[in-house]
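Data first, discussion second: the structure below is written as structure tokens.
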Amino acid sequence: MSDIADLRMISGLLRRQIWVVFATAAAILSLTAIALILLTPRYTAQALVVVDTSAKNLLAPESAAIASASDNARVEGEVRIAQSDAVLLDVVREGKLADDTEFAPQPTYFDLIVTLARLGHASSGATDVAERETLASFKEAVRVRREGLTYLITVGVTSRDAGKAALLANLVASVYVRHQIDAKVAGTIAARNSLQARVSAAKDSLASHEGRLDAFLIANAGMRDAFSNADTGLRVADAQFNQPAPSAASATQLPTPSETLTQFYSLQQSAQIARTQYQNLLTRLQDFEAQASLQLADSRVISEALPPIEPSYPRSLAILGVMSVVALGFGIGAGFLREFFVGGFTGEDQVEAVLNIQLASVVPHEEGGELERPHGRGLSDRIMAAPLSVFSESIRRIRVSVEQALLSRHPTLDDAREEGIVIMVSSSLPGEGKSTLATALARTYSLAGKRTLLIDCDLRKPSIHRHVDREPTPAFVNLLRGEADPGLASMVAVDHATNLSVILGARPAEFATDELLMSARVRALLSRARLHFDYVVIDTPPVEAAVDALYLARLCDVALFVVRWARTPQNAARKAVAALKGNVPDGTPVIAVLNGQDQRHWFRFKAKPLWRAAYAG
């Protein structure tokens, strides 16, 4: 049941604050729409690049590509390279973006002053600064990302112009591929240059060995034929794997000493080794020179960027959809804020939900004020002038609610009561109509044949005498100030229209009102009034304006709290009710009355009850 009650409370709140919810949501959506209109649309074009991690060597095409675990890191590295400053700076220069108003920095007044101070002499430093600022602006428009775990890279550029976005995206991709080729060529050339030094060293070494060999031959010119035969014999012996070298007998046939042959053979082998090394290095150098002109990029563009049709920013439909939910949330929040903190009370269930007390009746708004009516009387005259009006019926509903609250507390018949009932009428702030309702309620009891006494305890601003068309008297105030008790009969005035007994008040001149109302004389007066009257209605000051009502709350049987329709602040009403509950005796009911409901300025979704108009006089 509590869940159902909470749902009913929430639905009632939304119904009462539906215009606040709609107005807040409409305002947020309107601001969103205006912002979307004012925002400059931006377009994003994307080029697709594939990264081939296999090795490429046109001089050895038969070499197979072997996938490795480092491919993933390789692709991630290419993503960082594609959006590096070196690549994007070349794009800035080739695309002349320093002259493009979209990416170029806009000069400030300080820049103009500095330019004038330089007397028109441009410097390379200023150009470099402009390029760096343009690069920083362009980097924000470039987005390079890897598509999942594939070898594909998306290069995107965002611009205010769709064609420019596609052009720059393709330019970034092509510059990135060119940088990749340039890097490989530069690496090959660097390796060639490093190898060139080694080839020169090998050439010098070969020349040195051959020079020493030639010098040895010149020095031993008479033994040239023997060296030739010895060289031939050694080569033949080396070729014959299973045959022994020439015997000592055949060797002795040579006229050349063995030490000289050994030295000749050593010089010849050193020259041969130097020649082989030189030839290998020279072949490798020629390979590098060929590779420098035959390099291929590891990445290639497989899909060029095309000018987009729809802008990538702002996404109007998505933003409006999200902002609709946000606006509705803010609208509901504004409704809750107005319901419980900011706005006034505009519904019956709202009063009960916010103040957590029973609502006795809703009193309708009536045209005219107190001074506009005959003899200065107020709306309470409608109890006699129009007994069947909605106003009169709402006052009688207050009486029924009071009696129902008393019966639930003391189930005793009226005839069996020994003492009268004290009903205090108060509010949180002045001007909420509590005096009018107190007079009207007292008159309904009197017209119903009940002995009723109305006491004006709002000593700071008494007004009951205006409602009953009598002059204020100082008797009640003099009694509270400590003068001799003149007797209850001498203080009571009579309302000739309803035979209602009234004790009028007058504004004291010297004493604070709370000191008067907290005295024992007030308690004694009410005790005597209980013995002579069935109902004693007390009009008290507002709770927030003075503490007088809190002292009187300790002496009452029922406390009526008047709330002005759409005007009483909820915080003030909540604080006043809490103060009343803290001062009334235990079990004393505090009942709310919503006063001054104006149907002309209140939009409702449910139909206005027709029975009220039908029964109204």
Side-chain angles (χ1 to χ4, degrees), residues 366 368-387 391-392 395 398-399 420 422-427 430-481 483-509 511 513 516-517 521-522 525-526 528-530 532-542 548-549 552 560 562 595:
E366 295 288 340
E370 293 180 353
L371 298 180
E372 297 176 359
R373 297 186 177 276
H375 308 290
R377 295 189 177 184
L379 298 176
S380 58
D381 286 351
R382 291 188 63 83
I383 294 294
M384 300 88 68
F391 176 84
S392 301
I395 301 300
I398 298 176
R399 187 182 68 188
V422 178
I423 304 171
M424 69 168 289
V425 182
S426 186
S427 62
E432 296 184 332
K434 60 176 182 56
S435 300
T436 300
L437 296 184
T439 305
L441 179 62
R443 280 178 169 173
T444 58
Y445 279 118
S446 182
L447 291 175
K450 305 297 181 180
R451 296 175 300 169
T452 308
L453 173 64
L454 174 62
I455 305 177
D456 190 353
C457 288
D458 190 356
L459 303 182
R460 299 194 179 188
K461 191 178 179 182
S463 61
I464 296 299
H465 62 278
R466 301 174 63 186
H467 290 276
V468 298
D469 195 18
R470 299 296 296 268
E471 292 295 329
T473 60
F476 178 50
V477 176
N478 293 335
L479 173 65
L480 298 181
R481 293 174 61 182
E483 296 185 6
D485 188 357
L488 190 60
S490 61
M491 292 188 298
V492 173
V494 178
D495 178 23
H496 299 291
T498 59
N499 200 28
L500 171 67
S501 299
V502 183
I503 294 180
L504 303 175
R507 185 183 181 89
F511 296 93
T513 56
L516 299 178
L517 296 176
R521 290 177 174 266
V522 176
L525 177 63
L526 291 179
R528 282 186 293 167
R530 288 177 184 271
H532 295 88
F533 296 94
D534 298 322
Y535 292 92
V536 180
V537 181
I538 305 175
D539 180 28
T540 68
D548 303 7
L552 296 172
L560 290 178
V562 180
N595 184 35

With L488, which residues qualify under side chain to side chain contact (heavy atoms under 4.5 Å, CB included), at least two apart?
M491, V492, I503, L525, H532, F533

Partners passing salt bridge (Lys or Arg N to Asp or Glu O under 4.0 Å) against R521 (at least two apart in sequence or in another chain)
none

For D539, enumerate each residue passing the salt bridge (Lys or Arg N to Asp or Glu O under 4.0 Å) test, keeping only those at least two apart in sequence or located in another chain.
K434

Does T452 reach the side chain of D534, with side-chain heavy atoms less than 4.5 Å apart?
no

Kindly give the heavy-atom pair with the smallest separation between R382 and S392, and that separation in Å.
O-OG, 3.1 Å

Within this structure, what is the OH-OG distance for the pair Y535 and S446, rounded to the nearest 0.5 Å?
12.5 Å

Sequence neighbours excluded, the answer for side-chain hydrogen bond (donor to acceptor under 3.5 Å, both in side chains) partners of D485 is R528

If you round to the nearest 0.5 Å, how far is CG of D548 from OG of S426?
9.5 Å

Closest heavy-atom pair, P462 versus G505, reported as atoms and distance to 0.1 Å, is CB-O, 4.0 Å

Taking all heavy atoms of T439 and all of S380, pick out the closest pair and write down the distance.
CG2-OG, 3.6 Å

Sequence neighbours excluded, the answer for side chain to side chain contact (heavy atoms under 4.5 Å, CB included) partners of R399 is R396, E403, L441, T444, Y445, A448

Heavy-atom side-chain contact between H467 and S435 under 4.5 Å:
yes

Minimum heavy-atom distance L480-V522, with the two atoms named
CD2-CG2, 3.3 Å

Of the non-hydrogen atoms in V477 and A506, which two are nearest, and what is the gap between them?
CG2-O, 3.0 Å

CG (L560) and CD1 (I538) are apart, to the nearest 0.5 Å, by 11.5 Å

When rounded to the nearest 0.5 angstrom, what is the spacing between CG in L459 and OG1 in T513?
6.0 Å

Taking atom OG of S427 and atom CG of L437, what is their separation to the nearest 0.5 Å?
9.5 Å

Who passes side chain to side chain contact (heavy atoms under 4.5 Å, CB included) against R470, sequence neighbours left out?
V468, A493, H496, L504

Minimum heavy-atom separation for V537 and A438, please, with both atom names.
CG1-O, 3.8 Å

Euclidean distance, I423 CD1 relative to I398 CD1, rounded to 0.5 Å:
10.0 Å

Flag, side chain of S501 to backbone of V494, donor-acceptor distance under 3.5 Å
no

Between N595 (side chain) and E432 (backbone), is there a donor-acceptor pair under 3.5 Å?
yes

